[in-house]
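To start, the structure under review is shown below, and the notes come after it.
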Amino acid sequence: MKNSSLHPLTFSFRRFAQLLFCAAIFVAATASAATPPAPIVLTGADRRPSTSLNGEWASIVDPYFNGLFSFHHEIKSNGWFLNRKAQPNDSFPTEYDFSTAPKLKVPGDWNTQRESLFYYEGPIWYERDFTYQPQEHTRIFLHVGGANYHSWFWVNGQEVCEHEGGYTAFNCDVTSALQNGANFIVAAVDNTRHDDNVPSLETDWWNYGGLTREVSLIAVPDAFIDQYDLHLSRSENSVVVGWVHVVNAGPGANVEIEIPESHAKTSATVGADNRALIHFSAPGLQLWSPETPKLYSVGIHSGQDSITDLIGFRTIETRGTEILLNGKPIFLRGVSVHAEAPYRTGRAYSDKDAEILLGWAKELGCNYVRLAHYPHDETMLRAADRMGLLVWSENPVYWALQFDNPKVLAKAEQQLDEEIDTSRNHAAIILWSMANETPNTPARTQFIETLAARARLLDPTRLITAPLLVRAEGHTKIIDDSLGDALDVIGFNEYIGWYEGRPESADITQWRVAFEKPLIVSEFGGGAKAGLHGSLDRRWSEEYQADIYRHQIGMLNRIPQLRGMSPWVLMDFRSPNRPLVGIQDEFNRKGLISDQGQKKQAFFVLQKAYKEKAVGKPE
Ligand code: GCB
């Protein structure tokens, strides 16, 4: 729409009339244009052959989203997604050019790649050329590991999808947009915070924007396996159960599962809902546990489609106030982890990032990690499976949302679905966390109860949790938020010794818990600047932080139903709420390790307690 590129100062009545006319045509055209289908979830996407689109992408910073919206804020039909090249005889200017634009690396947040983008919140355009030879009878998906927060994608100028939510993977069908040979893809990613987003306006972590996780093309046959769930039965010994869903499966299509190492094999027919129910015995399977993180190569086949996943088999359940892994009580010795990249800061995405972070958790003596406050990258979950770390996976329902807004609920549900559907085959994940530290109101409770019911329906094999806020009467801390009724495991966060009282206040604190359920202290801790030393009462010193841990461990041992802990936090992480110069410098300093990998004294206090099993009930 040419008129949308008018300079506002040349505006006249005649042009206004022209503009109205063009707008009417444009509205009619867009109303009839097919909206692209919603992105889908592919389970085990990283186990499929793919064409990587990682690398350098051209980028244009567009704070007013001028590439998508006209000056009257209508969607442009000639937006920057056309990747137009100016022609010598053009009668209008083309005011963008991806071929001369600076580059950004994908995967990667933009904030840590360019100084001027450090605080940037808004839209940025990405463009990349690539060649591709589509094969007959295939569907091709653009796989996006994560784009924070709202993203739009076009292939050769055709819109292929739009997605909301910064921390879940999605796949857009690009089959009809791709050409044989030269192609281009344009993405717009907008990390503006809005009060009706999930998460909303307030978070205590950096709002890293961009294509933060890997991007690739995945080709599948016309009939393909999009999702599957294979896990050990809780009720029958050595029996693997679950389902496989096949898109476009013809009537009577068959699914085969094999675990060659255990000589187990089965086949099943898909039903009317394109789903084959799986139930077969696999005697002699070695159970997955932190001590023996055994993963089996599992083949899943249907017609022309095949995936080989790496799956561990274990059960998780509760009995009274116990958590049972493979039928045996376990105490979760853990730590909370943000997806902050070690040494370089920014959003973590690589195998190496995951191995460093989880390697530190292992060194600490952990058998469990709380991956806060949003679903982490697949690389993190694969590493946890391999390294034997049980995982608490978290939905980004953080602090206060518009709990009475049905649109916000729909957004939270969509992100929860994507989280569970993508990662349901990771043996490491035992807990789905619905929300962190939400205000105790009826609207909140109903909102999270709805999410919990949905999570149970999607995955009845895992435990539902959420960190609750705690209230106090004198020296007694009380956990009685009614949301606890909807949970299998009660999480709670407390900062005795940091936000309230002194470290030794923990010694006189009593606990009253209104639920006969297992309890995990999902956060406690305090800040310290690595290398800052002083007496025990010098806030920000390593000594002060270590002292919090000593007193906390003593106190936590007095809570009979405590079944796990994940203090806050493994490593210092970027937060815009932490401006204290010389100490915080925009990092939350509650890490046991600094962002540059220096271990603080508290790391060793906790390591000793974990290694000597001096905290928690002996297993
Ligand atoms: C909390 C939040 C966490 C914050 C932490 C803190 O309770 O759950 O996201 O970063 O406290 O450091 O204050």
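Residue numbers start at 1 and run along the sequence shown. Indexing begins at 1, ligand by ligand and atom by atom, following the structure's order. The basis for the numbers below is simple: all heavy atoms, side chains too, and nothing from hydrogens, waters or symmetry mates. No experiment lies behind these values; they were computed from the predicted model shown.
- Closest approach of Leu592 and Phe603 over heavy atoms only: O-CB, 3.6 Å.
- Within a 6.0 Å sphere centred on CD of Glu516, other residues, nucleotides and ligands contribute 12 heavy atoms or fewer.
- Here the heavy atom of the protein found nearest to atom 1 (C) of ligand 1 is Glu523 OE1, 2.8 Å.
- For Thr203 against Asn577, the heavy-atom pair with the smallest separation is O-ND2, 3.1 Å.
- Polar contact check, Asn436 against ligand 1: a nitrogen or oxygen pair lies under 3.5 Å apart.
- Summarising the geometry, atom CZ belonging to Arg589 is positioned 11.0 Å from atom CZ belonging to Phe573; distances are rounded to the nearest 0.5 Å.
- Under a 4.0 Å criterion applied to the non-hydrogen atoms of Asn588, ligand 1 contributes the atoms 6 (C), 10 (O), 12 (O).
- Shown here for Asp190 and Trp152, the closest heavy-atom pair between the two residues is CB-CZ3, 3.9 Å.
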Query raised in the report: Would Leu562 and Phe492 satisfy side chain to side chain contact (heavy atoms under 4.5 Å, CB included), going step by step from the backbone distance to the final call?
Result: CA-CA 11 Å; Leu562 194 80; Phe492 69 101; 4.1 Å; yes
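- Look at Phe524 and you'll find every heavy atom at least 4.0 Å from all atoms of ligand 1.
- The contact set between ligand 1 and Arg578, taken as ligand atoms under 4.0 Å from a residue heavy atom, comprises 6 (C), 12 (O), 13 (O).
- With respect to the salt-bridge test (charged N to carboxylate O, under 4.0 angstrom), the residues Arg370 and Glu394 qualify.
- A cation-pi contact links Arg539 to Trp498, judged by a cut-off of 6.0 Å to the six-membered ring centre and 45° from its axis.
- With Trp205, Tyr495, Tyr499 as candidates, the residue nearest to atom 13 (O) of ligand 1 on a non-hydrogen basis is Tyr499.
- Of all protein heavy atoms, the one lying nearest to atom 10 (O) of ligand 1 is Asp204 OD2, 2.5 Å.
- At least one heavy atom of Tyr398 sits less than 4.0 Å from an atom of ligand 1.
- Here is the list of ligand 1 atoms found below 4.0 Å of a heavy atom in Phe573: 10 (O).
- Between the choices His373, Glu494, Glu437, the shortest heavy-atom distance to atom 7 (O) of ligand 1 belongs to Glu437.
- In Thr203, neither the side chain nor the backbone holds a heavy atom less than 4.0 Å from any atom of ligand 1.
- For ligand 1, the atoms lying closer than 4.0 Å to a non-hydrogen atom of Lys590 are 6 (C), 12 (O), 13 (O).
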